[in-house]
Amino acid sequence: MNDMMTREKLMNSLAITTAKGVLLAGLLLLSGNALAQQGTIRLEHKAEQWQSVTDENGAEQMRLVKATNVVPGERVLFTVTYTNTGDQPAERVTVTNPVPDHMAYVDDSATGDNTSILFSVDGGESFAAAPDLRVSNTDGTQRPAGASDYTHVRWIVGSDIAPGANGTVQFTATVK
Amino acid sequence: MRVAMFCKITDLFTAPASDMKRKLITLSIALIGLGVTPLCVAEGTIAGTDIDNTAAVSYEVAGTPQTTTSNTLTLTVAEVLDVDVTLLSDPLSVPSGTGPHGLLFVVTNTGNGTEGFTLAINNAVSGDDFDPDASTPAAIYFDTDGSGDFSAGDTAYVPGDNDPVLAPDASVDILLVNDIPADLAEGAIGLSELSAIASTGSGDPGDLFPGDGDGGIDAVVGTSGANDAIAGQYLISDIELAVVKSATVLDPFGGSSPMPGATITYRIVITPTGSETAVNTVITDPIPANTTYSSESISLNGGALTDDDTDADAGAYTTTPAPEIAVDLGDLTEASGAQTIEFTVTID
């Protein structure tokens with residue numbers, strides 16, 4: 001328990017000394033996953049791909065399996081589960097997931113119970129709802145952003161997360 | 001009859017695969033994966049690319065902001081095995097009992113990794129009137145000199161020794177070279193097929209070859225089955241048009257080095273032999289990439305032709321869909337004698 005406390009303090013001090021969450025994420029990665037997992041909210045992140053299997057009746061069924069190898073054109077489902085492992089409610093919970101390099105967000109694929117979903121088209125600098133996003137054309141004019149322009153997905157959870165409670169957010173992206 | 005010529009300034013690089021220790025894997029491994037048909041898109045993410053993803057959550061506990069990041073997921077882009085074989089030659093009119101005659105194809109790596117391909121010729125194709133005789137000792141050649149025709153400068157293909165190894169989206173021109181059997185009827189058709197199979201393996205789309213892809217990653221068969229084939233056509237006609245193309249370079253300093261500003265004068269000599277008539281013979285020749293056609297430079301047998309495609313004379317220069325010159329030679333017989341076409345381009 002003491003060890004955990006120390007780590008929490010270390011994390012908090014990191015949060016205080018780094019102004020930007022993006023930078024903080026980088027620091028935490030450098031510090032190792034074990035440290036990154038020690039917050040009050042624990043994140044579990046998984047990637048799945050669709051696989052066709054033939055059932056005992058000979059019918060072809062699609063099922064999700066853990067994704068490791070992917071090919072261009074393939075869709076991957078990303079699922080983030082957040083769990084409050086602390087003893088106090090977590091407020092203003094916001095989950096952010098970048099659309100990975102070499103992948104394109106699939107339109108309307110982001111879901112999450114009791115969340116409002118925002119997107120970024122500028123590498124996570126700013127976020128807005130899908131209809132409000134604009135990107136610049138090469139000639140300087142602006143056009144409405146499309147799904148393939150999205151760089152990040154953000155889910156803002158609409159209520160506090162009680163101790164022990166959890167929730168799930170998802171999105172799908174295609175390998176370019 | 002339409003005779004198309006192909007010429008290039010630069011040949012595609014083709015590495016011999018003699019040092020490749022990969023064996024052709026014929027095991028058919030039942031698939032994990034890929035119920036979603038993998039699209040093989042040109043410029044798809046290159047095989048072996050790692051795709052990392054880390055999620056983050058920010059929140060407050062008792063008014064204190066906190067941030068947590070998730071585990072980092074890493075997806076590896078597998079090598080997609082895909083190939084396309086396309087026929088470039090028009091049906092080739094040949095007299096019975098002659099040869100060798102080359103048919104031109106292009107083999108393209110439509111996968112996302114660097115891949116070797118095994119080539120094969122098949123003349124026992126159904127739907128034709130006769131089987132061409134594959135030339136010996138070799139019937140498959142690289143169009144090494146880029147002439148589009150079988151010629152002395154072309155390198156013979158030896159399976160397992162110089163299999164073409166192609167980067168993603170790269171291609172190589174291949175000639176199938178056959179002799180035409182004697183005593184065939186006028187108008188008879190013979191087909192000759194070129195196939196290309198990925199050296200790593202082939203099979204049904206989605207078949208997996210664990211660890212056999214570039215750098216030891218997994219390889220997955222794409223929509224082509226990693227195997228493609230197409231047949232070219234010989235048409236028996238007792239009139240043969242021997243086409244020989246040559247080029248003379250004149251650089252701005254009076255030498256013969258191909259450099260920007262140098263002119264290249266192409267000479268195409270068409271020699272008809274045989275007892276029949278080649279009807280409506282049109283010679284077309286694309287202007288090579290990185291060169292510009294010199295306007296009004298087409299000549300036939302020493303007489304100037306205009307570039308205008310709509311006037312009465314035999315010459316034309318057109319730019320759509322790609323720049324090319326064309327000369328309408330009309331009906332040719334052996335008595336017509338050799339026809340000499342010349343035109344000039346400038347290297348950009």
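Letters A, B, ... mirror the listed sequences (proteins, then strands); counts begin at 1. Predicted, not measured: the structure shown is a model, and the values here were computed from it.
With a threshold of 4.5 angstrom between heavy atoms, B:Asn53 approaches chain A through its backbone and through its side chain. Using a 4.5 Å cut-off between heavy atoms, A:Val76 contacts chain B through its side chain alone, with no backbone atom that close. Residue A:Val80 touches chain B through its side chain alone, counting heavy-atom pairs closer than 4.5 Å. When heavy atoms are compared at a cutoff of 4.5 Å, B:Thr76 approaches chain A by way of both its backbone and its side chain.
A:Asp107 and A:Ser109 share no donor-acceptor pair across their side chains, judged by distance under 3.5 Å alone. When only modelled atom types and interatomic distance are considered, A:Glu60 and A:Thr54 share no side-chain donor-acceptor pair under 3.5 Å.
Comment: A:Asp149 engages A:Arg143 in a salt bridge, judged by a side-chain N to carboxylate O separation of less than 4.0 angstrom.
Between A:Tyr82 and B:Tyr59, the ring centre distance reaches or exceeds 6.0 Å.
Between chain B and the residues A:Arg92, A:His152, A:Met103, the largest count of heavy-atom pairs under 4.5 Å involves A:Arg92. Of the residues considered (A:Pro89, A:Ala47, A:Pro98), A:Pro98 shows the highest number of contacts with chain B, using heavy-atom pairs under 4.5 Å.
Other residues, nucleotides and ligands contribute only 12 or fewer heavy atoms inside 6.0 Å of the CG atom of A:Asp113.
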